[in-house]
Amino acid sequence: MCGIVGYIGKSHCKDLVLGGMQRLEYRGYDSAGFVFVNEKAACLSYLKRTGTVANLAKELSVFDEDGFSGIGHTRWATHGVVNEANAHPHFNCKGNIALVHNGIIEEHESLRNELIAQGHKFLSKTDSEVLVHYFSSLFDIYKSVKKATIELVKKIKGAYSIVVLIEELPDQLLVIRHNSPLVLGRQKKGFFVASDVIAFSDKVDEFAFMPEDSIAVINKNSIQLLDFSGKSLLPVWQESNLAFVDVSKDGFEHFMLKEIYEQKKVIDKIVNFYRLVGTDSKLSASDDLGNALKYQLDIEYQDRIWQQLGLSLKTVKNLKKINLIAAGTSWHACKIGQFFFESISNIQTSVYLASEFCYMPFFKEKDSIFIFLSQSGETADTLQALRLVKSHNVPTVVITNVPSSTMVQESSGFLPMQAGPEISVASTKAFSAQQSILFILANRIALELEKITLQEMKSAEEDLFMVSQVLEMAIENYKWEISNGLAEKYSAYDKYIFLGRHISYPMAMEAALKLKEISYIFAQSYPAGELKHGPIALIDETTPVVLFSALDEIIYKKLLSNAQEVKARSGHLVVFAFEGQNELIGLADYAFVLPKVNPLLAPLACTGVMQFFVYEITKRLGRPIDKPRNLAKSVTVE
Ligand code: F6R
């Protein structure tokens, strides 16, 4: 993971780099470091600190020296504990070459041993430090940055984006990209490089994504881009109209709370964005004519959505299999989406965990597509899975919140999630957005395959509008009780079991993930039917069992039996149920009761109040809610 920012040009670099680092903190926030060519001393000056960029910036603000070239790094530890020695930048033995790295270097131990045998002294436990020592020894041999870099990339394996600053070449930044994103930016006064364009989007006139396996040598006036064999490449510059939206908490105590409350707006926006073109007035003015006219417009719109997805109409019409791939919360959204595609579009659907997918045999299936879900569009596991599928010439579709992300650049097509920036590390509104888009997509495919009528498509959209209201209303209904006693009571337990069945099982998985990642309370989810096959041994009054109900009658009855099994063993039962499910509600020690919705949207209806409950429990425990320990917003290592 980690975030990298570099600047070289005619302006002082300190504030520019620190500003960019602050915007990249979502990639890691356990330590931060900054190095620059000190204009007064004509040498490399640096500062590294554990903790946030703000921490580092505070100390640097009293340090009045600056320079015209500098690099910064925000760390998410992979190799070596969180301390100043392991924070970046790392240096060669003479201390005159500084390097920052994002990614993982494979087999770094053997290279480290080779270098130690040659007399190199290591100060950190990181894989990254081998890069600077090795580069330094190559630079000593070849006396050429380019030659040394070409030799370096021949030797190292893994994933890396690297920026290097060399004291004797103060007017130059060396940048290397392999399997880890980097983007270049240019303005009249200089150049930027960063892990994500948002680091400098409002400061440059143009930006260019560095191609995979490329090297950039940047000086104050120009950039030279090369491939790994040293051949020149042309950067593809794009105009930067990506103003940086400085997202604030808008008076909320945490971003997570703000984002929980944004969900109604996000779902409504998604329905409006993706809804069929045409006006209801046409329908009501003359129903028959209106319908006919509208249908023509819809066909045009349908074509557009498939174009955006990079799918031909023929591919959609012939679809026999849908594969969904993601990680974490996005994977839970896929597990819910599977029910949409199978029951609405009547297409067999498989869901894969991105981190497992690449290590399983790949079976190429005719008439199949792969859909990758990722809030960030940068998750390394999902990106690797996408690359693998792409190498088999199978259509790859990405649904992401970040249109400038690597996944969008590499896929055949994408749908924007429309959720707006999600700042809190724990995903909330992205989860709702993903469920909503998958629901719309399943209906769109069904419409194309004539499995549903236009009218049914319209009522699916109305169902989503309705659920967005239920989601918000449920938070409002339970807000007082949760904040005045319930959260306090439930923050005292140190372990939880979450149960669900059918479409409510992924919801139980998501609730368990949410609770453990922000509160650090141990939480385990199970399909409720599996309880009797082992986990039932864990049931006692000290472990609350949280059960998510479903609106399918058969599934509800089965869940009811599972709830009875819990109560029969003196378990403490909390349920998320729906109006009319009185038997289940009666069994519970506490019940959240929601209005009935389209059964496929039951998880979405429960999403907001579940997140609010978890948020309030966590607040009672005094945890850093928006930035939980050990995590990062964008997981760019495998
Ligand atoms: C949990 C959470 C993570 C992410 C996962 C995938 O709240 O945010 O589990 O869902 O790391 O990230 P994306 O969706 O960016 O690929």
Side-chain angles (χ1 to χ4, degrees), residues 1 3 24 26-29 76 181 195-196 198 254-257 259-260 263 324-337 351-358 370-387 396-408 410-411 414-435 437-438 498 506-507 509-521 523 525 607-608 610-612 614-615 618 623-638:
M1 268 120 74
L24 294 191
Y26 73 88
R27 306 176 72 90
Y29 42 80
W76 183 84
S195 308
D196 183 335
I198 64 157
H254 295 98
F255 279 109
M256 183 175 178
L257 187 60
E259 288 157 9
I260 287 173
Q263 292 178 106
L324 301 168
I325 304 189
T329 291
S330 299
W331 180 70
H332 298 153
C334 290
K335 296 290 277 181
I336 293 172
V351 181
Y352 299 97
L353 269 172
S355 54
E356 294 290 324
F357 182 79
C358 293
F370 280 80
I371 303 178
F372 300 82
L373 254 74
S374 174
Q375 189 284 131
S376 61
E378 297 293 347
T379 302
D381 292 323
T382 314
L383 186 60
Q384 286 313 320
L386 187 152
R387 287 176 177 158
T396 52
V397 168
V398 169
I399 299 177
T400 179
N401 209 19
V402 186
S404 59
S405 61
T406 310
M407 280 184 214
V408 174
E410 298 198 11
S411 61
F414 96 102
L415 288 182
M417 264 165 57
Q418 305 286 343
E422 193 182 61
I423 307 296
S424 173
V425 165
S427 195
T428 52
K429 60 178 178 172
F431 181 55
S432 301
Q434 289 167 335
Q435 291 179 67
I437 293 182
L438 290 177
F498 286 83
M507 190 60 200
M509 289 196 269
E510 174 59 10
L513 172 61
K514 218 82 305 170
L515 184 68
K516 62 189 138 194
E517 75 175 318
I518 65 168
S519 73
Y520 319 151
I521 294 174
S525 58
T607 294
M610 173 280 281
Q611 294 163 341
F612 185 80
V614 169
Y615 167 85
T618 305
R623 309 284 191 229
I625 294 185
D626 284 334
K627 286 184 178 165
R629 70 181 179 203
N630 306 339
L631 290 170
K633 186 71 186 156
S634 183
V635 188
T636 59
V637 292
E638 279 180 77

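Indexing begins at 1, ligand by ligand and atom by atom, following the structure's order.
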Please confirm whether Asn401 approaches ligand 1 to less than 4.0 Å, judged on its heavy atoms.
no
Decide yes or no for Thr379 and Met407: does some side-chain heavy atom of the first lie under 4.5 Å from some side-chain heavy atom of the second?
yes
Shortest non-hydrogen contact from Glu517 to Ser427?
OE2-N, 4.4 Å
Do any heavy atoms of Lys514 fall under 4.0 Å from ligand 1?
yes
Heavy atoms only: give me the nearest Ala333-Leu438 pair and the separation to one decimal.
O-CD1, 3.5 Å
Should you measure from each heavy atom of Val425, which atoms of ligand 1 turn up under 4.0 Å away?
8 (O)
Considering only the protein, which heavy-atom contact is closest to atom 14 (O) of ligand 1, and what is its distance?
Ser330 OG, 2.5 Å
Nearest-neighbour protein heavy atom for atom 3 (C) of ligand 1, which is reported as residue plus atom name and distance:
Thr329 N, 4.0 Å
Which ligand 1 atoms are under 4.0 Å away from a heavy-atom of Ala426?
7 (O)
Give the intermediate values and the outcome of side-chain hydrogen bond (donor to acceptor under 3.5 Å, both in side chains) for residues Glu378 and Ser405.
CA-CA 6 Å; Glu378 297 293 347; Ser405 61; 4.9 Å; no
Closest heavy-atom pair and its distance - Val408, Val402:
CG2-O, 3.7 Å
Just checking, is any N or O donor in the side chain of Glu510 or Thr329 under 3.5 Å from an acceptor N or O on the other one?
yes
Check whether the side chains of Gln611 and Thr428 place a donor and an acceptor atom closer than 3.5 Å, and report yes or no.
no
Part of Glu517 with heavy atoms under 4.0 Å of ligand 1, whether side chain, backbone, both or neither
side chain
What one should report as the nearest heavy-atom pair of Phe370 and Phe357 is CE2-CZ, 3.7 Å
Within the 4.0 Å heavy-atom shell around Gly328, which atoms of ligand 1 are there?
9 (O), 10 (O)
I need the nearest protein heavy-atom contact for atom 11 (O) of ligand 1: residue, atom name and distance, please.
Val635 CG2, 3.8 Å
Could you tell me the residue and atom name of the protein heavy atom closest to atom 15 (O) of ligand 1, and the distance to it rounded to 0.1 Å?
Ser376 OG, 2.7 Å
Tyr615 vs His254 aromatic rings, parallel, tilted or perpendicular, using cut-offs 30° and 60°?
perpendicular
Which ligand 1 atoms, with their elements, are less than 4.0 angstrom from a heavy-atom of Ser374?
13 (P), 14 (O), 15 (O), 16 (O)
For atom 13 (P) of ligand 1, which of the options Thr379, Leu631, Thr400 provides the nearest non-hydrogen atom?
Thr379
What atoms of ligand 1 come within less than 4.0 Å of a heavy atom belonging to Ser427?
7 (O), 8 (O)
To which protein heavy atom is atom 6 (C) of ligand 1 closest, and what is the distance rounded to 0.1 Å?
Ala327 O, 3.3 Å
Heteroatom proximity flag, Thr382 to ligand 1, N/O under 3.5 Å:
no
Under 3.5 Å between any N/O of Gln434 and any N/O of ligand 1: does that happen in this structure?
no
Indicate the atoms forming the closest heavy-atom contact of Phe255 with Ser424, along with that distance.
CB-N, 3.9 Å
